[in-house]
Amino acid sequence: MALRYLSSRMTLGSRILSYRSSLASLHSHATSFGFQQVREEEKSKLVGNVFTNVASSYDIMNDVMSAGLHRLWKERLVGKLSPFAGMKHLDVAGGTGDVAFRIFDAFNSVKRRALRKVDEASHEETQIYVCDINPNMLNVGKQRAAERGLSDNRSLVWVEGDAEALSFDDNSMDGYTIAFGIRNVTHIEKAIAEAYRVLKRGGRFLCLELSHVDIPVFKELYDLYSFQVIPNLGELIAGDRDSYQYLVESVRRFPPQERFAKMIGDAGFEKVEYENLVGGVVAIHSAIKL
Amino acid sequence: MYRTAAKRLLGAGLTTSRLLRSPKLTSSTTIPSSHTSNLCTSSMGHTESPISNQSGPTSAGEGPRRKPRPEFQEEQARVLSASLRHVARLGWTEEAMMAGSRDVGVSPSIVGSFSRKEAALVEYFMDECLQLLVDRVDSGLDLQNLIPSERISKLVRVRLEMQVPYMSKWPQALSIQAHPVNVPTSFKQRAMLVDEMWHAVGDGASDLDWYVKRTVLGGVYSTTEIYMLTDDSPEYRETWEFLDDRVKDAFDLKKSIQEAKYFAQDIGAGVGKLFQGLMNGVMQSMSTRGGRSSSAF
């Protein structure tokens with residue numbers, strides 16, 4: 001009887017154990033999708049769904065959610081690059097082309113100035129690659145390019161690809177930017193490692209991302225805005241509350257500025273710095289590969 | 001004063017940093033303000049500048065054996081040093097820095113990471129020149145047989161001659177240094193330069209005279225520098241004559257200040273006596289008039 005009691009205890013224990021182990025197996029290959037825990041294989045599919053849903057209203061929603069500020073943030077990001085003739089730039093997760101167009105404009109104005117100066121090494125052509133995992137986002141980008149009359153321009157190249165497994169050669173890019181994309185990646189370290197791989201020596205890594213606010217009162221206001229206002233806006237404008245709920249939750253799950261900077265440094269980058277905009281709502285991390 | 005401060009800094013191994021560093025790298029001191037960091041690298045760098053010249057062409061092709069990852073500051077210094085070769089043609093500009101970075105085998109994107117880009121190049125050059133000057137003085141620039149005014153002349157001349165290769169673009173460098181954003185650093189660099197020069201002359205005073213001396217020498221140096229911009233005499237002969245005259249004036253200035261002080265005292269005494277005389281006269285006339293009127297009652 002004692003044995004049966006013991007065995008029943010054990011089965012109970014083992015049930016708990018098995019529950020724990022299954023939970024453990026869930027955790028060992030689990031990642032976050034907003035505040036939910038999901039399996040890694042599912043995350044990219046779920047993210048894919050989110051962006052397929054939001055693609056057409058992505059730009060409008062950006063304007064509404066950030067009250068147009070996202071344009072200033074992207075200007076600031078591009079301002080930190082110094083484009084030059086013959087530059088090869090990669091913009092990852094840049095589906096609708098916001099950052100790419102800005103770099104293109106910046107480069108063109110620089111080129112016109114630099115044409116007056118003699119520069120032997122500028123025989124190579126500037127290339128701006130826009131890489132996105134989601135074809136819908138890329139299509140929106142291509143459409144916008146057509147609207148600007150740039151559809152035949154050889155400088156802009158639209159590539160479908162995964163930030164964790166880029167199809168570009170080692171040491172081939174002078175610049176790498178990722179704007180509001182890295183928090184959607186399943187393995188952030190892999191994306192950073194890929195960035196390190198494709199950059200040339202002296203190449204710059206720039207990441208613009210929603211980040212953590214520490215300022216006391218502002219933090220509460222920001223949380224209120226994020227969780228109460230944005231999903232409702234998503235419902236109203238894009239007809240998709242869940243995607244925007246995911247968006248807001250994924251921001252909270254993303255590592256804070258210092259930890260992300262450490263991750264970048266661990267991948268081998270040098271001179272890792274970050275700049276907080278709007279009190280930490282957005283942060284631009286920059287680094288150099290040497 | 002600056003020299004001792006710099007020695008203290010280097011000795012203590014200051015480690016403040018806004019920059020995060022990968023833990024894998026050997027740590028070295030990282031100092032936020034650009035000029036002191038350049039001073040560190042340049043003071044360590046004068047031993048490694050011959051090395052960097054040799055490793056310059058080889059750094060482009062690394063081959064299967066990866067050499068240890070260079071310190072970021074060294075790499076920056078190397079890019080800046082290579083950029084100086086292009087300044088005569090391209091000016092103190094980003095293009096020169098990009099050309100320099102290509103020489104070293106690094107992507108020109110690195111230029112985007114320099115804060116105040118062209119100013120970084122100019123400040124690097126100023127630091128290099130200061131270091132060269134210190135080296136020349138230490139390695140026996142003959143100053144013993146000269147009187148102080150001649151020593152000053154020689155030091156300023158040695159320093160200004162370092163700028164001769166860049167003379168065509170020096171006005172641009174001066175305008176970059178005069179930018180409000182860059183003024184703090186350029187002012188500090190010039191102050192250090194002047195301090196070094198007085199130190200080499202052998203002056204160790206630390207009273208009020210210290211400020212006067214440095215200001216005066218700063219003025220002499222700047223005016224000579226600007227005169228040199230428009231001088232096309234062979235080997236800048238006229239500039240050196242101008243310099244000698246200014247130094248003489250500066251040394252005479254001390255005497256002139258004394259003379260002016262005595263002169264002012266004399267005048268003051270004279271005026272004072274005049275005023276006193278006047279006051280006495282007035283008082284007297286008032287008292288007699290008052291006496292006469294009081295006697296009327």
Side-chain angles (χ1 to χ4, degrees), chain A residues 77-90 106 110 113-122 124 126 171-177 196 198-206 257-275 285-290, chain B residues 17-28 30 32 34 37 59-62 66-80 82-83 86-91 93-118 120:
Chain A
L77 178 73
V78 173
K80 289 193 159 204
L81 278 172
S82 49
F84 57 91
M87 182 178 194
K88 303 254 178 306
H89 187 83
L90 174 61
V110 169
R113 259 193 290 130
L115 273 175
R116 281 185 255 132
K117 299 214 167 106
V118 175
D119 194 355
E120 306 88 42
S122 67
E124 312 133 39
T126 316
N171 297 317
S172 58
M173 296 293 164
D174 293 300
Y176 176 107
T177 48
Y196 190 80
V198 300
L199 278 173
K200 286 184 198 168
R201 261 192 90 218
R204 290 189 81 205
F205 169 86
L206 288 166
Q257 285 89 325
E258 287 285 343
R259 195 148 68 83
F260 185 53
K262 188 172 177 305
M263 289 165 75
I264 297 174
D266 287 342
F269 282 104
E270 302 257 356
K271 204 183 180 201
V272 184
E273 297 178 306
Y274 66 86
E275 184 189 357
H285 283 78
S286 66
I288 300 186
K289 168 178 174 175
L290 266 185
Chain B
S17 62
R18 260 186 295 121
L19 311 174
L20 299 164
R21 195 166 277 281
S22 158
K24 287 183 226 157
L25 293 174
T26 59
S27 67
S28 139
T30 315
S34 63
S37 67
S59 67
E62 290 197 19
R66 262 193 81 82
K67 61 179 196 277
R69 225 180 289 146
E71 275 294 357
F72 177 67
Q73 305 278 26
E74 289 172 20
E75 200 60 38
Q76 266 190 323
R78 243 195 292 191
V79 170
L80 289 172
S83 313
H86 298 270
V87 165
R89 196 169 40 103
L90 298 170
T93 55
E94 285 187 29
E95 280 79 16
M97 292 167 82
M98 287 183 185
S101 67
R102 285 202 187 94
D103 288 346
V104 176
V106 165
S107 163
S109 296
I110 202 172
V111 171
S113 73
F114 288 112
S115 56
R116 300 175 293 122
K117 307 173 179 46
E118 296 101 0

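Below, read A as the first sequence line, B as the second, and so on, with proteins coming before strands; counting in each chain starts at 1.
- Side-chain contact between B/Glu75 and A/Glu270: absent, with no pair of heavy atoms (C-beta onward) separated by less than 4.5 Å.
- There is no contact between B/Ser101 and chain A, counting heavy-atom distances below 4.5 Å.
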> Can you check side chain to side chain contact (heavy atoms under 4.5 Å, CB included) on B/Gln76 and A/Lys271, steps first, answer last?
Replying inline: CA-CA 11 Å; B/Gln76 266 190 323; A/Lys271 204 183 180 201; 4.3 Å; yes
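- Between A/Phe84 and the options B/Arg102, B/Glu95, B/Glu94, a side-chain contact (heavy atoms from CB on, under 4.5 Å) holds for only B/Arg102.
- A donor-acceptor contact shorter than 3.5 Å is absent between the side chain of B/Ser109 and the backbone of A/Gly203.
- B/Val111 and A/Ser82 get closest at one heavy-atom pair: C-OG, 3.9 Å.
- In this structure, the separation between CE on A/Met87 and OG on B/Ser107 is 7.0 Å, given to the nearest 0.5 Å.
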